[in-house]
Amino acid sequence: MAGSGRGRGRAAFTFNIEAIGFARGAALPDVMCKPPPPFPSTDNKPVPLKTGEEEDYMLALKQDLRGTMKKMPYFLAVEEDREAIERYSKKYQDSEKEHATWTPDWRRLPREVKPKKKTKKAGAKPKKAKCSEPRSNLDVLKRIE
């Protein structure tokens, strides 16, 4: 039964280590325990942005468009996750979430979308109960006479 196992006297590697570039008996490189950097180092720096009046004008137009879109009533702001404890400073900060209320043009939208007002039927009037006021003893005595 001896010799039928894997270990004891056989080489640890099943391939030739010299083919990789290591000499026989040389120390192997250390094991890397940390992950590689998220971005490779850049040898070439990026080209600088264009500067001039045209680029400044286009940047101003873009920022104006963004601001206008955020102020419109159609803009849906992302709700922040509420904390378990509301902070004092956050309570009194001016919030930019306030937008003008949206009043749509109902002529452009279909009738099904328009909210309906609930109206009460004219025939069903509630009956008033006779009010029974507490009568004094004098009124009772006058009726008896």
Side-chain angles (χ1 to χ4, degrees), residues 1-140:
M1 292 270 194
S4 61
R6 285 189 183 175
R8 308 231 40 175
R10 294 195 114 186
F13 299 107
T14 58
F15 56 89
N16 190 2
I17 298 176
E18 294 171 356
I20 300 173
F22 297 107
R24 191 170 194 107
L28 296 176
D30 293 333
V31 178
M32 290 277 281
C33 294
K34 60 181 181 179
F39 298 104
S41 61
T42 55
D43 297 332
N44 302 328
K45 293 191 175 186
V47 180
L49 295 173
K50 294 179 183 177
T51 55
E53 290 184 22
E54 292 181 13
E55 283 75 20
D56 292 340
Y57 177 70
M58 291 301 289
L59 179 64
L61 278 179
K62 183 178 177 183
Q63 289 174 347
D64 185 41
L65 177 69
R66 278 188 184 166
T68 306
M69 293 299 286
K70 283 187 178 181
K71 289 177 186 174
M72 293 185 83
Y74 310 106
F75 180 73
L76 299 176
V78 178
E79 294 182 8
E80 297 177 5
D81 294 335
R82 294 227 175 233
E83 296 179 9
I85 301 171
E86 189 173 346
R87 302 286 175 211
Y88 179 81
S89 60
K90 287 186 179 182
K91 185 176 180 181
Y92 293 102
Q93 284 178 349
D94 294 332
S95 63
E96 297 180 15
K97 294 180 184 178
E98 298 176 12
H99 296 291
T101 56
W102 181 48
T103 53
D105 186 9
W106 293 111
R107 293 175 291 170
R108 292 185 170 200
L109 297 172
R111 282 190 210 124
E112 294 84 18
V113 178
K114 186 175 180 179
K116 296 177 183 176
K117 295 180 182 177
K118 293 183 180 180
T119 57
K120 294 182 180 179
K121 294 181 181 178
K125 291 184 181 178
K127 296 180 180 178
K128 292 186 179 180
K130 295 180 182 178
C131 57
S132 57
E133 296 178 8
R135 297 178 180 161
S136 64
N137 291 336
L138 295 174
D139 295 335
V140 174

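Heavy atoms only: backbone and side chains are in, while hydrogens, waters and symmetry mates are out.
- Enclosure of atom CG in Leu109 by more than 12 non-hydrogen atoms of other residues, nucleotides or ligands within 6.0 angstrom is indicated.
- Other residues, nucleotides and ligands place more than 12 heavy atoms under 6.0 Å from the CG atom of Leu61.
- Remark: Asn44 CG is loosely packed, at most 12 non-hydrogen atoms of other residues, nucleotides or ligands lying under 6.0 Å away.
- Within the model, atoms NZ of Lys116 and CZ of Arg111 stand 10.5 Å from one another, a figure rounded to the nearest 0.5 Å.
- Asp56 contributes atom CG, which lies 10.0 Å from atom CD of Glu54 (distance to the nearest 0.5 angstrom).
- To the nearest 0.5 angstrom, Leu59 atom CG is 12.0 Å from Thr51 atom OG1.
- The CE atom of Met58 sits 9.0 Å away from atom CD of Glu55, with the distance rounded to the nearest 0.5 Å.
- The distance from the NZ atom of Lys114 to the CD atom of Glu112 is 12.0 Å, given to the nearest 0.5 Å.
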